[in-house]
Q: 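Sending over a structure as C-alpha cells; questions will come in a sec.
Residue numbering restarts at 1 for every chain, and letters A, B, ... go by the order of the sequence lines.
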There are 2 protein chains.
Amino acid sequence: MNANALPAYEQVKAFIKANITRGQWRSGDAVPSESALQNQFGVSRMTVNRALRELVVEGVVTRIQGSGTVVAQLNRIVSTLAFRDIHEEILERGHQHSAHIIRVESIKANASLARTLKLRPGARVFHTVLVHFENDVPIQYEDRLVNPAVAPQYLKTDFSVTTPTHYLLEHAPLTEASYSIEACAASLQEAKCLGLKAHEPCLVMTRCTVSGAHVASLARLVYPGLRYSFNGKFQL
Amino acid sequence: MNANALPAYEQVKAFIKANITRGQWRSGDAVPSESALQNQFGVSRMTVNRALRELVVEGVVTRIQGSGTVVAQLNRIVSTLAFRDIHEEILERGHQHSAHIIRVESIKANASLARTLKLRPGARVFHTVLVHFENDVPIQYEDRLVNPAVAPQYLKTDFSVTTPTHYLLEHAPLTEASYSIEACAASLQEAKCLGLKAHEPCLVMTRCTVSGAHVASLARLVYPGLRYSFNGKFQL
DNA sequence: CAGTGGTCTAGACCACCGA
DNA sequence: CGGTGGTCTAGACCACTGG
C-alpha cells in the first residue's frame with residue numbers, strides 16, 4: 001500500500017466523480033452496484049459502501065434500496081453557508097470590532113411576537129438593539145428579541161464586550177435555527193445608525209433560533225448593501 | 001432487535017447530540033472515545049465510528065487522531081443553501097413559469113471579462129438577458145455571459161422554453177461554482193424589466209460556474225427585494 | 001426470485017498524540 | 001508507551017425492488 005495513495009474509499013469516490021464530471025455519466029444514469037465496484041477495485045463491500053454513502057451526503061448520487069444507485073439530479077447547487085458571530089468574523093479579517101448600544105430593555109410581547117416565541121401574549125421579552133462596527137465603519141444593525149426563559153440574565157450583559165450572539169450561544173445551546181435573507185430598504189432609524197441615506201438597499205437576515213424546548217431568540221440583522229455580502233462556494 | 005428501533009449508529013448519534021443539546025457537554029468538551037461508546041452501547045467499533053464520522057460531517061464534533069473527539073465550536077450556524085433552476089423552483093410551488101427574452105447576442109470580451117472566463121481579451125462570448133415570471137409576476141432578471149467553449153450552440157436555444165441554467169447543466173457538467181449574495185439598488189433597465197421603481201432594493205446573486213477545465217458562465221441574477229428571499233434551516 | 005442497498009460484527013493494522 | 005482515531009476486511013442478515 002503506497003503511503004501517498006488516497007484511502008481506498010476516496011479512490012472509489014474520485015472514480016465516480018470523475019465519470020460524472022467528464023460527462024460520461026449523466027443525471028439519472030445508473031452507477032455500478034456495490035458488488036461491481038467491489039470487484040473492480042478489489043476492496044471489501046464496506047469500503048465501497050462508505051464511498052457511496054458519502055457521495056449521497058454530498059448530493060452526488062441517490063440510492064434506493066432494492067433498486068440501485070443513480071447519479072443525482074445536479075440541477076441544483078448545494079452549498080454550505082456558515083453564519084458566525086460577527087465579532088469573530090471581523091476579528092478573523094484582522095479588523096477591529098466594536099458595538100454601539102442603542103437600546104437594552106424589557107418589553108411586553110404583542111400577540112404576533114408571543115406566538116413566534118411561544119409565550120403568552122403580554123409576557124416579558126428582552127429587547128436589544130446594537131450597531132456593530134468594523135474598523136469604525138457600521139456594518140450591522142442588530143435588533144434582537146430574547147426569550148427570558150433561556151437567558152434570564154441577558155439584559156445584564158455588557159454588549160460592548162460580549163455580542164448577543166455569543167452570550168446566547170454560551171447560555172442557550174443551539175438546537176435549531178431558521179433564517180431568511182432578503183433585500184430591504186433601510187428604515188430611517190436603521191439608515192441613521194448605519195450612516196446611510198434612507199431607503200438605501202440593505203441585506204436583511206431574519207433569524208429565529210431554538211434551544212431545546214424554547215424558542216430562544218428572534219433577530220433582525222441589517223447589513224448595508226454596499227458593504228456586505230454573503231459568499232459561498234460549491235465543489236462538484 | 002426491535003423493528004421500530006433506530007439503527008445502532010443513529011442511537012449513538014442521538015445520545016451525543018442529546019448531551020450537547022441539554023447543555024451537558026459544551027463546546028470543547030471531550031466526547032467519550034470509540035471504545036468507551038462501544039462498551040456503553042454494546043456495539044462494534046465500526047458502528048460507533050460511523051456515528052462519529054457522520055457527526056463530524058454535520059459539524060457537531062471535531063476529531064483529532066491520537067488525541068480524541070471533542071464537541072465542536074458551535075458558534076456558527078452551518079446551513080445548506082440549495083440553488084435550483086428557477087424554472088423548477090417555480091413549478092414546484094405549483095405556479096406557472098415563463099420567460100421574456102431581452103437580449104441574445106455574441107459580444108467581445110473586454111479585459112476584465114476575459115480574465116474571469118479565462119479567455120483572451122476580445123474573444124467571443126455569448127450574452128443573454130432574460131426576465132423570469134412566476135404567474136406573470138417578474139421575479140428574476142438574469143444577465144448571463146457564457147463561454148462558447150462549453151456550449152457552442154448556446155445561442156440557438158429557445159430560452160422561452162429552456163432556461164439558460166437548464167441548458168448549461170445539460171451541456172456542461174457542473175464541477176464548481178462560487179457565488180455571492182448582495183443587496184443592490186435596481187438599475188433603470190432592471191427596474192423597468194422587473195416592474196419596479198428605479199433604485200428599489202434587490203437581492204443580487206452573482207454566480208460563476210466552472211465545468212471541467214473551463215469557466216462556463218458568469219451570471220448576475222437580480223430578484224426584487226419585496227418578492228423574493230433565500231430561506232434556510234439549521235438543525236442541531 | 002435474484003440483485004440491490006442498509007446495517008452490523010469482530011477482528012485487524014496503522015498513524016498519531018500525549019505523557 | 002498506551003490510548004486515540006483512520007482505515008480496511010470478510011463475512012453476515014435483513015428489507016426492499018424489480019421482473
Side-chain angles (χ1 to χ4, degrees), chain A residues 1-20 25-74, chain B residues 1-20 25-74:
Chain A
M1 203 171 298
N2 191 323
N4 303 13
L6 286 172
Y9 73 91
E10 290 288 2
Q11 294 183 35
V12 175
K13 287 174 68 175
F15 169 75
I16 293 170
K17 285 185 175 183
N19 275 283
I20 296 172
W25 301 343
R26 332 236 329 187
S27 290
D29 287 359
V31 171
S33 72
E34 294 194 352
S35 66
L37 291 165
Q38 191 181 165
N39 294 329
Q40 180 177 338
F41 283 87
V43 298
S44 80
R45 199 188 136 206
M46 273 302 277
T47 302
V48 173
N49 183 266
R50 172 171 179 181
L52 291 171
R53 267 192 292 112
E54 293 190 3
L55 290 177
V56 170
V57 172
E58 294 174 28
V60 176
V61 303
T62 304
R63 318 192 77 190
I64 299 172
Q65 184 176 135
S67 172
T69 304
V70 298
V71 178
Q73 298 301 332
L74 291 177
Chain B
M1 202 171 296
N2 191 320
N4 303 12
L6 285 172
Y9 73 92
E10 290 287 2
Q11 293 183 36
V12 176
K13 287 175 68 176
F15 168 75
I16 294 169
K17 286 184 175 182
N19 275 283
I20 296 172
W25 301 342
R26 332 236 329 185
S27 291
D29 287 0
V31 170
S33 72
E34 293 194 352
S35 66
L37 291 166
Q38 192 182 165
N39 294 329
Q40 181 177 338
F41 284 87
V43 298
S44 80
R45 199 189 137 206
M46 272 303 277
T47 301
V48 173
N49 182 266
R50 173 171 177 181
L52 291 171
R53 267 192 292 112
E54 292 191 3
L55 290 177
V56 170
V57 172
E58 294 174 28
V60 176
V61 303
T62 304
R63 318 192 75 189
I64 299 172
Q65 184 176 132
S67 171
T69 304
V70 298
V71 178
Q73 298 301 329
L74 291 179

Q: Taking B:Ser27 for its side chain and B:Ala72 for its backbone only, find out whether a donor-acceptor pair lies under 3.5 Å.
A: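 Yes.
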Q: Check DNA chain D against residues 40-58 of chain A and give the residues with a non-hydrogen atom under 4.0 Å, in numerical order.
A: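 Contacting residues: A:Gly42, A:Val43, A:Ser44, A:Arg45, A:Met46, A:Thr47, A:Arg50.
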Q: Only pairs at least two apart or in different chains count here, so list each ring pair (Phe, Tyr, Trp, His ring centres under 6.0 Å) that has a residue in residues 33-68 of chain B.
A: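 Only B:Phe15-B:Phe41 qualify under ring pair (Phe, Tyr, Trp, His ring centres under 6.0 Å).
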Q: Grab the CD-P distance between B:Gln65 and C:dC16 for me, whole Å please.
A: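 So the two atoms are 6 Å apart, to the nearest Å.
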Q: Below the 4.0 Å mark, does D:dT4 have OP1 or OP2 next to a side-chain nitrogen or oxygen of B:Ser35?
A: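 Yes, within the criterion.
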Q: Which heavy-atom pair separates A:Arg63 from A:Val56 by the least distance, and what is that distance?
A: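 Smallest interatomic distance, heavy atoms only, reads CG-CG2, 3.4 Å.
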Q: Distance check needed: D:dC8 C1' versus A:Gln11 CD, whole Å only.
A: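 It works out to 13 Å between those atoms.
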Q: Closest nucleotide of DNA chain D for A:Gly66 versus for A:Glu10: which of these residues is on the 5' side?
A: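 Of the two residues, A:Glu10 wins.
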Q: Locate the shortest heavy-atom distance separating B:Pro32 from B:Leu37; write the atom from each residue and the value.
A: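 What the structure gives for the nearest pair is O-CD1, 3.6 Å.
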Q: Look at B:Thr69 and D:dT4 and indicate whether a side-chain polar atom (N or O) is within less than 4.0 Å of OP1 or OP2.
A: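 False: B:Thr69 side-chain N/O out of range (4.0 Å or more) of D:dT4 OP1/OP2.
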Q: Looking only at heavy atoms, what is the nearest atom pair of A:Val71 and A:Arg26, with distance?
A: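 Looks like CB-O, 3.4 Å.
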Q: Of all the nucleotides listed (D:dG5, C:dC17, C:dC8), which has the minimum atom distance to the side chain of B:Tyr9?
A: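 Given the options D:dG5, C:dC17, C:dC8, the side chain of B:Tyr9 is closest to C:dC8.
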Q: Report the distance from atom CD of B:Gln38 to atom C1' of C:dA10, rounded to the nearest whole Å.
A: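 About 9 Å, once rounded to whole Å.
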Q: Rounded to the nearest Å, what distance is computed from the CD atom of residue B:Glu34 to the P atom of nucleotide C:dA10?
A: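 Nearest whole value for this atom pair: 16 Å.
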Q: Rounded to whole Å, please give me the gap between CD1 in B:Ile64 and C1' in D:dG6.
A: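 My rounded result for the distance is 14 Å.
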Q: Whole angstrom is fine here: how far is it from CD1 in A:Ile16 over to P in C:dG5?
A: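 One finds 10 Å between P of C:dG5 and CD1 of A:Ile16, rounded.
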Q: Treating B:Gln38 as the side-chain partner and B:Val48 as the backbone partner, does any N or O pair qualify as donor plus acceptor under 3.5 Å?
A: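 Not confirmed, B:Gln38 side chain does not pair with B:Val48 backbone.
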Q: Nearest whole Å is fine: how far is D:dC16 C1' from A:Arg63 CZ?
A: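 Distance, rounded to whole Å: 13 Å.
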Q: Has the side chain of B:Asn19 got a donor or acceptor atom that lies under 3.5 Å from a matching backbone atom of B:Ile16?
A: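 Between the backbone of B:Ile16 and the side chain of B:Asn19 there is no qualifying donor-acceptor contact (under 3.5 Å).
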